[in-house]
Amino acid sequence: MPDLATPLIAWYRDTARDLPWRRAGFGAWGVLVSEFMLQQTPVARVVPLLEAWLERWPTPADLAAAAPADAVRQWANLGYPRRALWLHRAAVEIRDRHAGVVPADVDALLALTGIGDYTARAVAVFAYGQRHAVVDTNTRRVLARAVDGRSQPGAPAKRDLAAMAAVLPADDADAAIVNAAAMELGALVCTARVPRCDACPLADACAWRAAGYPDTGDERRRQARYEGSDRQARGAVLRVLRDATSHAVAADGVIADWPDQRQRDRAIDSLIADGLVEASEGKLALPR
DNA sequence: TAATCGTGGTG
DNA sequence: TCACCAAGATT
């Protein structure tokens, strides 16, 4: 297999974005919070909310001492608000199980609420400089094209980690850069819909390019329609509770004009089941 | 394992 | 205009 690491490192040195979590001394807590926020969420939307978050809660213990409701409010309109709840739980777990210090061990990170295969390795690598393969959707697309000669990645699989591990150089610091560079390349150049192959540092090594950019199909599941969905109803309910001036709101009045009352009830029930909403005495509130 | 979970920018 | 897409995790 061609050497992908060397051109990736050179390209990254020249063109990588100056993002907050890449600054020297940003800290493991900041990296962890950034990774929670970046799950399925574009960088541009994360940056301002991340800075506000860390200003309010500079350490895991600070967040752990807050009410979950405050975390959900501070999460604002980032989307997937369960992440706010899970980040708060992770902060409590870090305080209680790790003396308030974000763990460096991948298995310890995996044991925290809301942290999976990607986030655990991202924290270990980008916050602590360890040598692991970090594979996100960008990297999977880069590997699918450059290594496998496919137009799109398949469903996420364990073998993705091995594929990336085979690309990493031996040095820990270089490996961390290659991990970041593969993600950056996928985000800026090797994009999902209109890749900029003319600007790609891997062009000479790319199996997809060598094959003439064949359309090898797309196994990925399509996203469900949002308009009219339960997710939209959940979002509307949570927005009301976030913006309310009082802690609790009369349940009957929450999105009372929603076109589908059954869906409205389902949304509220599922939010309660998720722990994002608490119901008491006919009122709804964010969790204390 | 496949479905579910927000929100907003974009080609 | 609207389907696609975005540093995934959970059940």
**Student:** Can you name the salt bridge (Lys or Arg N to Asp or Glu O under 4.0 Å) partners of A:Arg95, sequence neighbours left out?
**Tutor:** none
**Student:** List every contact pair, protein side and nucleotides 8-10 of chain B side both N or O, where the distance is under 3.5 Å.
**Tutor:**
| unit_1 | atom_1 | unit_2 | atom_2 | d |
| --- | --- | --- | --- | --- |
| B:dG8 | OP1 | A:Asn77 | ND2 | 2.8 |

**Student:** Check every nucleotide of DNA chain C for an atom under 4.0 Å from a heavy-atom of chain A, then give the first and the last such nucleotide from 5' to 3'.
**Tutor:** C:dA3 to C:dT10
**Student:** Restricting to salt bridge (Lys or Arg N to Asp or Glu O under 4.0 Å), what partner residues turn up for A:Glu219, sequence neighbours left out?
**Tutor:** A:Arg150
**Student:** Run the side-chain donor-acceptor check on residues 275-288 of chain A: report pairs under 3.5 Å with partners two or more places apart or on a different chain.
**Tutor:**
none

**Student:** Under 4.0 Å between any heavy atoms, over every strand shown, what does A:Leu78 touch: base, sugar-phosphate, or nothing? Just pick one.
**Tutor:** base
**Student:** In residues 153-173 of chain A, what donor-acceptor pairs under 3.5 Å come from side-chain atoms, sequence neighbours left out?
**Tutor:**
| unit_1 | atom_1 | unit_2 | atom_2 | d |
| --- | --- | --- | --- | --- |
| A:Lys158 | NZ | A:Asp117 | OD2 | 3.2 |
| A:Asp160 | OD2 | A:Ala157 | N | 2.9 |
| A:Asp171 | OD2 | A:Ala173 | N | 3.1 |
| A:Asp171 | OD2 | A:Asp174 | N | 2.9 |

**Student:** In chain order, what residues pass the salt bridge (Lys or Arg N to Asp or Glu O under 4.0 Å) check against A:Arg73, with sequence neighbours excluded?
**Tutor:** A:Asp70
**Student:** Select base, sugar-phosphate, or nothing to describe what A:Gly79 touches, counting heavy atoms under 4.0 Å on all strands.
**Tutor:** base
**Student:** May I have the list of side-chain donor-acceptor pairs in residues 251-260 of chain A shorter than 3.5 Å, sequence neighbours left out?
**Tutor:**
| unit_1 | atom_1 | unit_2 | atom_2 | d |
| --- | --- | --- | --- | --- |
| A:Trp258 | NE1 | A:Gln263 | OE1 | 2.9 |
| A:Asp260 | OD1 | A:Arg262 | N | 3.0 |
| A:Asp260 | OD1 | A:Gln263 | N | 3.0 |

**Student:** Check side chain to side chain donor-acceptor pair (under 3.5 Å) between A:Glu35 and all other residues, then give those that pass, not counting sequence neighbours.
**Tutor:** A:Tyr118
**Student:** Students often get this wrong, so: under 4.0 angstrom with heavy atoms, is A:Ala122 touching a base, only sugar-phosphate, or nothing?
**Tutor:** nothing
**Student:** Assign A:Arg141 to base, sugar-phosphate, or nothing according to its heavy-atom contacts below 4.0 angstrom with the strands shown.
**Tutor:** sugar-phosphate
**Student:** Quote, to the nearest angstrom, the P distance that separates B:dT4 from C:dA7.
**Tutor:** 23 Å
**Student:** What are the residues of residues 21-41 of chain A, sorted by number, that bring a heavy atom to within less than 4.0 Å of DNA chain B?
**Tutor:** A:Gln40, A:Thr41
**Student:** Here's a test of your reading of the structure: between A:Leu19 and A:Gly114, which maps to the more 5' nucleotide of DNA chain C?
**Tutor:** A:Leu19
**Student:** What's touching nucleotides 1-4 of chain B from the protein side, N or O pairs under 3.5 Å?
**Tutor:**
| unit_1 | atom_1 | unit_2 | atom_2 | d |
| --- | --- | --- | --- | --- |
| B:dA3 | N7 | A:Arg221 | NH2 | 3.3 |

**Student:** Do any side-chain atoms of residues 197-215 of chain A form donor-acceptor pairs under 3.5 angstrom with protein atoms, and if so which ones, sequence neighbours left out?
**Tutor:**
| unit_1 | atom_1 | unit_2 | atom_2 | d |
| --- | --- | --- | --- | --- |
| A:Trp208 | NE1 | A:Pro214 | O | 2.8 |
| A:Arg209 | NH1 | A:Ala203 | O | 3.3 |
| A:Asp215 | OD1 | A:Gly217 | N | 2.9 |

